[in-house]
Protein chains: 4
Amino acid sequence: MNAFIPTPGDRFTFGLWTVGWQARDPFGDATRPPLDPVETVHRLAELGAYGVTFHDDDLLAVEPDRERAIAAFRKALDETGMKVPMATTNLFTHPVFRDGAFTSNDRDVRRHAIRKVMRNLDLAASLGARTYVCWGGREGAESDAAKDVRSALARYKEALDLLSQYVLEQGYEIRFAIEPKPNEPRGDILLPTIGHALAFINELEHPEMVGLNPEVGHEQMAGLNFVHGVAQALWHGKLFHIDLNGQHGPKYDQDLVFGHGDVQSAFFLVDLLEHGGYDGPRHFDYKPPRTEDPEDVWVSAAANMRTYLILREKARAFRADPEVQEALRASRVDELAVPTLAPGETLAGLAADQFDPDAAARRGYHYSHLSQLALEHLLGVRDREGR
Amino acid sequence: MNAFIPTPGDRFTFGLWTVGWQARDPFGDATRPPLDPVETVHRLAELGAYGVTFHDDDLLAVEPDRERAIAAFRKALDETGMKVPMATTNLFTHPVFRDGAFTSNDRDVRRHAIRKVMRNLDLAASLGARTYVCWGGREGAESDAAKDVRSALARYKEALDLLSQYVLEQGYEIRFAIEPKPNEPRGDILLPTIGHALAFINELEHPEMVGLNPEVGHEQMAGLNFVHGVAQALWHGKLFHIDLNGQHGPKYDQDLVFGHGDVQSAFFLVDLLEHGGYDGPRHFDYKPPRTEDPEDVWVSAAANMRTYLILREKARAFRADPEVQEALRASRVDELAVPTLAPGETLAGLAADQFDPDAAARRGYHYSHLSQLALEHLLGVRDREGR
Amino acid sequence: MNAFIPTPGDRFTFGLWTVGWQARDPFGDATRPPLDPVETVHRLAELGAYGVTFHDDDLLAVEPDRERAIAAFRKALDETGMKVPMATTNLFTHPVFRDGAFTSNDRDVRRHAIRKVMRNLDLAASLGARTYVCWGGREGAESDAAKDVRSALARYKEALDLLSQYVLEQGYEIRFAIEPKPNEPRGDILLPTIGHALAFINELEHPEMVGLNPEVGHEQMAGLNFVHGVAQALWHGKLFHIDLNGQHGPKYDQDLVFGHGDVQSAFFLVDLLEHGGYDGPRHFDYKPPRTEDPEDVWVSAAANMRTYLILREKARAFRADPEVQEALRASRVDELAVPTLAPGETLAGLAADQFDPDAAARRGYHYSHLSQLALEHLLGVRDREGR
Amino acid sequence: MNAFIPTPGDRFTFGLWTVGWQARDPFGDATRPPLDPVETVHRLAELGAYGVTFHDDDLLAVEPDRERAIAAFRKALDETGMKVPMATTNLFTHPVFRDGAFTSNDRDVRRHAIRKVMRNLDLAASLGARTYVCWGGREGAESDAAKDVRSALARYKEALDLLSQYVLEQGYEIRFAIEPKPNEPRGDILLPTIGHALAFINELEHPEMVGLNPEVGHEQMAGLNFVHGVAQALWHGKLFHIDLNGQHGPKYDQDLVFGHGDVQSAFFLVDLLEHGGYDGPRHFDYKPPRTEDPEDVWVSAAANMRTYLILREKARAFRADPEVQEALRASRVDELAVPTLAPGETLAGLAADQFDPDAAARRGYHYSHLSQLALEHLLGVRDREGR
């Protein structure tokens, strides 16, 4: 028996653009030929994935006729049972989006962007997608003189409001998920972090229709703790979808295989997703390294899922370990769930408390022990020694 | 006539802890003696400041008796006309806060923290403060195992809700301003950026009573564009206060003199504050470098204000320059204020538009010219050549 | 009279790939058509540049026949008087370099890379180039398992030794200049900073033939102080060439116009280059932003030179200002040039010194005043007020 | 049998200042009482350490009389058999070093610094230390105007040359090891990375006497790959000593327990140290988190050693795994050790090669498989499944 073989029940999904990335980068030409979405669907199904996701333009990778491309894609889905739980729009590759899509200074471009999304919403709905991701990679600027950020946010809101209205009018069962990123390809991107996007959503006409699609590497590019960010998104009820991959801190967007970046953070992330109430797809938004050949692509795809399953098993063992439970209590991690004010207590009651801060200051938190236990679960040495 | 002499009308304020910093750092002992808050008030008044701000503990720098310290401080304020528009609480120096204040795993500590704020709110109100800053520097963790972030946010909300209730009960005309920071002194601090704090506020009982006090260096420590962040805070109506200083990107918190970090960003920040509707104090939260002696401290304090005034003049000249106005139009910066949908237009109307993306893609944005104009205003060479 | 009009005497040079960048980025297609090197030579000459530099492949931008392309390029040089002080090799665009060139795990690729450099060295020499830049953008790895770094450095050394031998054998008057970069397009690039490259050079067969070509943005991507780095390169006698541009800290390689990033650092850099003994070309390795159209390209090119000239004038005024000179003395900046041991003094003599560290510790360094003077020179407000 | 119990044969050492850190940080007071070096020696010996290291001032933590402090320390060493393989000087805590030690603008301070090192070299030699670390934490600046970097490097060289001369004159068997750091406590520190320090050493009078003491976190604060840096130091024959700890990217210096930062990098580091020819002490330069109490300190100390032993076992299993060996060959990792030129081959021979780059470009490198194998060894799941 092997616990690390993915099945559709694990709900692993991949973007067509991930395995299909031809490995063109800012300094180099493509190292791999285009990949037919039909092949992708079949290969991922064989590997145990649950579904695929796509940008409108991804479908046209090898078949320029949109209707034929869609038909072939549908057929592959039918043959494999693969789902399309999420779709999104390419608002960044075409030169027309050089200054943004929803927030381009050019109003014609903004209008074009909204139309492009509407068209793909129709297709997404017809394919059964329930989540529609909006990554505003071109919404930003390189110079503070070039963009009136408050106007840009107003236009961003206008676009989301119009698209929400469109979904409601059409009767689609679709929610939007904003994907934040701090920079690249723009010098500074609007809604750069989970926090900024969460705040923005509160200003929308239909905030209940809009949540987040945070990505591991994007938050880590700003040096932020991704587990903290996802926990805050969950706290707001806004973790609609998630992009799993790997990154080594503030630099260009690496899109490594999940776990091939900061694996300790990946462990706590899986722990949070599994035990924190997230029930959506586990979506991999990674890139097979440019060094890899067409067969390596599938090795890398499989590695994402396998690593997730390994970490899931470890997270379960971590939570079930009595020594961990004792350590969590010793560190008073559970005490944080107890309200600070007692039931019925007043502020006056609180103010009347006796308290010796110097005495309380001597209480240690024993986090070293707890952290080491977590690390040893990650490293697989806890089950080795009968402790 | 010299345009760069500060006056109280410029509303420049300083924390007692800024000029009073004794220059103790993680690797070194203090290089300067304690500074009497009374002297600070007088010296800053002479330099043209509008007011001072304080943590509860700052007042006790040289006089351990709280009542006497307060009396002396009030006297200095009366003698100089200096104001106290903001106050805050020290919830980080005492070892009791080693795991946080509002979100410590230790419930006793959380209760103590709230009491400490309530006590200083009374003093703040009596001194006329209208803004009360909450910097949660110890609210965070070094290990993802050590802190249940969702519980922590719940306790953070509980604390803010209780303090809002207290202010309402006491009838104080005080609003809270959360100051985000990504890390240091904790490995990861909760509410790490402007965005995260804005989102959090929406979950509070009295969101209208809580806004932000963003700090230049704190956002730049995460590699984020501070001008963008402040613009978003303004867009949400949440820029209640601001901390001005300097920083050189992701590293320890430098608290340089305003303008001694990224001066181009400082220029656009002043432009935004002056022309974007912010009417609160211009508060400097910097540290005189550890190399400096007690007299250098006042040189550095004056430098903050002078630099602000220089940049203010430049921002005004930039906005008034006809060539800049023409460049802004050529870059369609103003076009972003025009709604994407025409008045009365429907989505169906939008969908029916004719548009050639390839043709539109050829339109340039001319940002190089605009950026260079801004830079030349900053460098003071626009007025040199009659262009 | 206008001091900011560039002339060939200012020795400004540009890479063909800079103005010729078609603005293809990791998420987007080209926004500008290919640019004929012949046009580039003429346009840059008109703008006052001294010369151009090139990768072997740059010459083929619009004319695929190498001989014809070279002939047309030579003709343009002759017509304009433009020089080619530097050349370099494209060892990164073609997929064959996906794992590196001199340090690819594939020995055949390493051999091909050396041949490609040799071929272009011949052309470079025939065009009069004296500096040959080696940017090893693909020499690196994404995984620590994938590359034996010590073997890689041995191969890197072998390549440089062979190429030095080739230059000597051919009798070319050419020196090599290594261009360090920490990452992008590889996850981690070998010789990531000025320091690592300087150290490497010491292991070569002909260290005197190899120096550095540091780039502003590359060091700033690692959060390092570029002025410090260039000063160390000068101290080692290894500043053979320099790449000027702009960057906003650790993120993707921005290649902004010179001065459009950290302009304060740019000011101190120009001060160092002008007063520190560097006499090579001032080479701009920037990219016209992707938002810009073909005419904007020349606006951005001109901005680089103009900003350099502005900063040069400011640096001269800074050094000439008696108040600055007094401030430098007060900060004992000049005292650092005095050897710590007196002439003829022994260690025993040093050991016998009387010294009161507590008394000496009270001496301030007055850097706030000095820094503010520098800032005000930068901002152009020193000459305004008769101080 | 438990493979993870440290013994002196493992050569684990700790600085007195690590476990003895009282947890004073830039925003908070000490949370733990001073720790007697005598207790440290005994406790670490019980935990299985090989030795301790110290700054001159560390010895005075609880006993202000230097002679008595030294006597008590010697006695503890004798009783436990603990060694002192390394010592260093505190040139950063006292305010006199506010602008640096060897490179202070104040010549008197530079002289004092050299004397302070000489005095502690005598003690270090008498305690048997063979390595003397120089961390120049205060050698740097916050403003580019404040420090003439070339003069500073000249003074730095002068100091190292004088100290080398002193060691030679005294006949001590001591080598120096420079510890680079990019920033903190100074805005920019001289010799910021492994590379800069390696380059500097080449300019010294006795380069053979000076090597490096790189620290995990210090390189990672600049976003650099520590394994690459250590490999380059080994390649130059300059890895004299090493500081092991943990860090989460560019931010303040965290000094986490080894492995509590980027554990995947720690795995490859242990692999390199164990299989790359380093035979010096494994020295932990970490800080017990400020949250911890005096007993937690020893838990955290033990965690460093245990994690190293766990990773050592994994690195051995990784190298011994036939599937890994096959994957390394498939990725041609070994081929990089083969010289690019064949024995006896000439450049003309190389130039005459036939080669089809397009064909060669299709060869993949299969790094995904190799990286995943390494990850699974790290996670302890390779031995689980009979593969």
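Heavy-atom pairs under 4.5 Å with chain D peak, among C:Leu198, C:Thr193, C:Leu191, C:Asp148, at C:Thr193. Interface remark: of the candidates D:Val109, D:Ile194, D:Leu162, D:Leu162 forms the most heavy-atom pairs closer than 4.5 Å to chain C. Most heavy-atom pairs under 4.5 Å with chain C: of the set D:Pro182, D:Ser104, D:Ala199, this distinction falls to D:Ala199. The candidate with the highest count of non-hydrogen atom pairs below 4.5 Å against chain D, out of C:Glu169, C:His94, C:Glu203, C:Arg107, is C:Arg107. Considering only heavy-atom pairs separated by less than 4.5 Å from chain D, the leading option among C:Leu370, C:Asn183, C:Val338 is C:Val338. Ranked by heavy-atom pairs under 4.5 Å with chain D, the first of C:Pro95, C:Gly223, C:Ala146 is C:Ala146. Interface check for chain D: of the options C:Met118, C:Arg98, C:Arg362, the most heavy-atom pairs under 4.5 Å are formed by C:Arg98. Ranked by non-hydrogen atom pairs under 4.5 Å with chain C, the options D:His366, D:Arg111, D:Arg150 are led by D:Arg111. Contact count versus chain C (heavy atoms, under 4.5 Å) is highest, among D:Asp334, D:Leu341, D:Leu272, D:Leu190, for D:Leu341. With respect to chain C, the highest number of heavy-atom pairs below 4.5 Å among D:Ala360, D:Pro192, D:Ala154 belongs to D:Ala154. Between chain C and the residues D:Pro339, D:Ala222, D:Ala231, the largest count of heavy-atom pairs under 4.5 Å involves D:Pro339. Chosen from C:Gly100, C:Gly229, C:Gly276, the residue pairing most often with chain D at heavy-atom distances under 4.5 Å is C:Gly276.
For D:His112, the ring-ring contact (aromatic ring centres under 6.0 Å, His included) partners are C:Phe355, D:Phe97, not counting sequence neighbours. Every residue two or more places apart in sequence or in another chain that forms a side-chain hydrogen bond (donor to acceptor under 3.5 Å, both in side chains) with D:Asp122 is listed here: D:Tyr166, D:Tyr172. By the side-chain contact (heavy atoms from CB on, under 4.5 Å) test, D:Ala352 pairs with no residue at all, sequence neighbours left out.
Only the side chain of C:Glu158 comes within less than 4.5 Å of a heavy atom of chain D; its backbone N, CA, C and O stay farther away. Heavy atoms of D:Gln372 lying under 4.5 Å from chain C are absent altogether. Interface remark: D:Phe267 contributes no atoms to any contact with chain C (heavy atom separation under 4.5 Å). For chain C, the nearby parts of D:Asp358 are the backbone and the side chain; heavy atoms of each come within less than 4.5 Å. Proximity to chain D (any heavy atom under 4.5 Å) is shown, for C:Ser368, by neither the backbone nor the side chain. Heavy atoms closer than 4.5 Å to chain D are found in both the backbone and the side chain of C:Ala342. In this structure, no portion of C:Pro250 lies under 4.5 Å from any heavy atom of chain D.
The aromatic rings of D:Phe102 and D:Tyr156 sit perpendicular, their planes meeting at an angle over 60°, well past the 30° parallel limit. Relative ring orientation between D:Phe318 and D:Phe268 is described as perpendicular, the plane-to-plane angle rising above 60° on a 0-90° scale split at 30° and 60°.
The pair C:Asp108-D:Arg363 meets the salt-bridge criterion, with a side-chain N (NZ, NE, NH1 or NH2) lying under 4.0 Å from an Asp/Glu carboxylate O. D:Asp99 has a carboxylate O that lies under 4.0 Å from a charged side-chain N of D:Arg186, or vice versa, which qualifies the two as a salt bridge.
Checked by atom type and distance alone, the side chain of D:Lys314 pairs as donor or acceptor with a backbone atom of D:Leu378 at under 3.5 Å.
Between C:Lys147 and C:Asn105 the shortest side-chain heavy-atom distance falls below 4.5 Å. In this structure the side chain of D:Phe200 never reaches within 4.5 angstrom of the side chain of D:Asn202, judged on heavy atoms. A heavy-atom distance below 4.5 Å is found between the side chains of D:Leu273 and D:Leu239. Counting only heavy atoms from C-beta outward, the side chains of C:Glu205 and C:Lys157 approach each other to under 4.5 Å.
Inspection of non-hydrogen atoms places C:Ser143, C:Asp144, C:Ala145 of residues 138-145 of chain C under 4.5 Å from chain D.
Atom CZ of D:Arg119 is surrounded by 12 or fewer heavy atoms from other residues, nucleotides or ligands within 6.0 Å.
When D:Leu224, D:Val230, D:Asn225 are each tested for a side chain to side chain contact (heavy atoms under 4.5 Å, CB included) with D:Val227, only one passes: D:Asn225.
Defined by atom type and a distance below 3.5 Å, a donor-acceptor pair is missing between the side-chain atoms of C:Gln232 and C:His228.
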